[in-house]
Amino acid sequence: MYKRFDRNAARKHRHLRIRGRVHGTPERPRLNVYRSNLNIYAQVIDDSTGRTLAQASTLEAVIKGEPGRLTVAKARIVGKLVAERAKSVGVTKVVFDRGGYRYHGRVQALADGAREVGLEF
């Protein structure tokens, strides 16, 4: 019987495998990335309490006003925005959770943008 390859199911499986090793603590929360075809989302999460400390996405008015579709440049802006919000809450070090995506393109740009503002991985 022919099995159809499900790309999203494979990504979810990779994400669960990564989450077995990556945990957010109050001292070093987790920077989670979710990427869709049209948007990219980032959250800084303390897994011990289950709280989201900071978040940013391309759906915000600051980024939505930029011309064009989702690009690497917009992902970099999202990284800078989530890092600024995390620093305002007192977070300077995070653990990067790439969400099962390859560390390439938009995911890498988001991480680089967060590093530019001063967030340490």
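None of the values given here were measured: they were computed from a predicted structure.
- At a threshold of 4.5 Å between non-hydrogen side-chain atoms, the residues Asp97 and Ile45 do not count as touching.
- Rounded to the nearest 0.5 angstrom, Leu119 CG and Lys93 NZ are separated by 11.0 Å.
- When all heavy atoms are compared, the tightest approach of Ser57 to Val78 is C-CG2, 3.8 Å.
- Hydrophobic clustering (side-chain heavy atoms under 4.5 Å, transitive across Ile, Leu, Val, Met, Phe, Trp, Tyr) keeps Val72 apart from Leu59.
- Note on ring orientation: taking the six-membered ring where Trp is involved, the planes of Phe121 and Phe96 are parallel (angle under 30°, cut-offs 30° and 60°).
- Residues meeting the side chain to side chain donor-acceptor pair (under 3.5 Å) test with Asn39, sequence neighbours left out: Thr58.
- Residues passing the side chain to side chain donor-acceptor pair (under 3.5 Å) test with Thr52: none are found, sequence neighbours excluded.
- Taking Ala10 as the reference, Phe5, Arg14 meet the side chain to side chain contact (heavy atoms under 4.5 Å, CB included) condition, with sequence neighbours excluded.
- In this structure, the salt bridge (Lys or Arg N to Asp or Glu O under 4.0 Å) partners of Asp47, at least two apart in sequence or on a different chain, are Arg19, Arg30.
- Minimum heavy-atom separation, Pro26 to Asp46: N-OD1, 3.5 Å.
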Donor-acceptor pairs under 3.5 Å, side chain of residues 82-92 to any protein atom, not counting sequence neighbours: which ones?
residue: Arg85; atom: NH1; partner: Gln55; partner atom: O; Å: 2.6
residue: Arg85; atom: NH1; partner: Glu60; partner atom: OE1; Å: 3.3
residue: Arg85; atom: NH1; partner: Glu60; partner atom: OE2; Å: 2.9
residue: Arg85; atom: NH2; partner: Glu60; partner atom: OE1; Å: 2.7
residue: Lys87; atom: NZ; partner: Val117; partner atom: O; Å: 3.2
residue: Ser88; atom: OG; partner: Arg85; partner atom: O; Å: 2.7

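- Each ring-ring contact (aromatic ring centres under 6.0 Å, His included) pair with one or both residues in residues 6-30, not counting sequence neighbours, would appear here, but there are none.
- Residues in residues 28-56 take part in these ring-ring contact (aromatic ring centres under 6.0 Å, His included) pairs, two or more places apart or across chains: Tyr34-Tyr41.
- Every residue two or more places apart in sequence or in another chain that forms a side chain to side chain contact (heavy atoms under 4.5 Å, CB included) with Asn8 is listed here: Asp6, Arg11, Lys12.
- One hydrophobic cluster holds both Tyr103 and Ile40 under the rule that ILVMFWY side chains link at heavy-atom gaps under 4.5 Å.
- With sequence neighbours excluded, the residues forming a side chain to side chain donor-acceptor pair (under 3.5 Å) with Lys80 are Glu116, listed by chain and number.
- Residue Val95 shares its hydrophobic cluster (ILVMFWY side chains chained together at separations under 4.5 Å) with Ile18, Val22.
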Can you give me every donor-acceptor pair (side chain of residues 105-112, partner residue at least two apart or in another chain, under 3.5 Å) with its distance?
residue: Arg106; atom: NH1; partner: Ser36; partner atom: O; Å: 3.1
residue: Asp112; atom: OD1; partner: Arg115; partner atom: NH1; Å: 3.2

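- Scanning for ring-ring contact (aromatic ring centres under 6.0 Å, His included) contacts around Tyr101 gives an empty result, with sequence neighbours left out.
- The line from OG1 of Thr71 to CD1 of Ile77 is 7.0 Å long, rounded to the nearest 0.5 Å.
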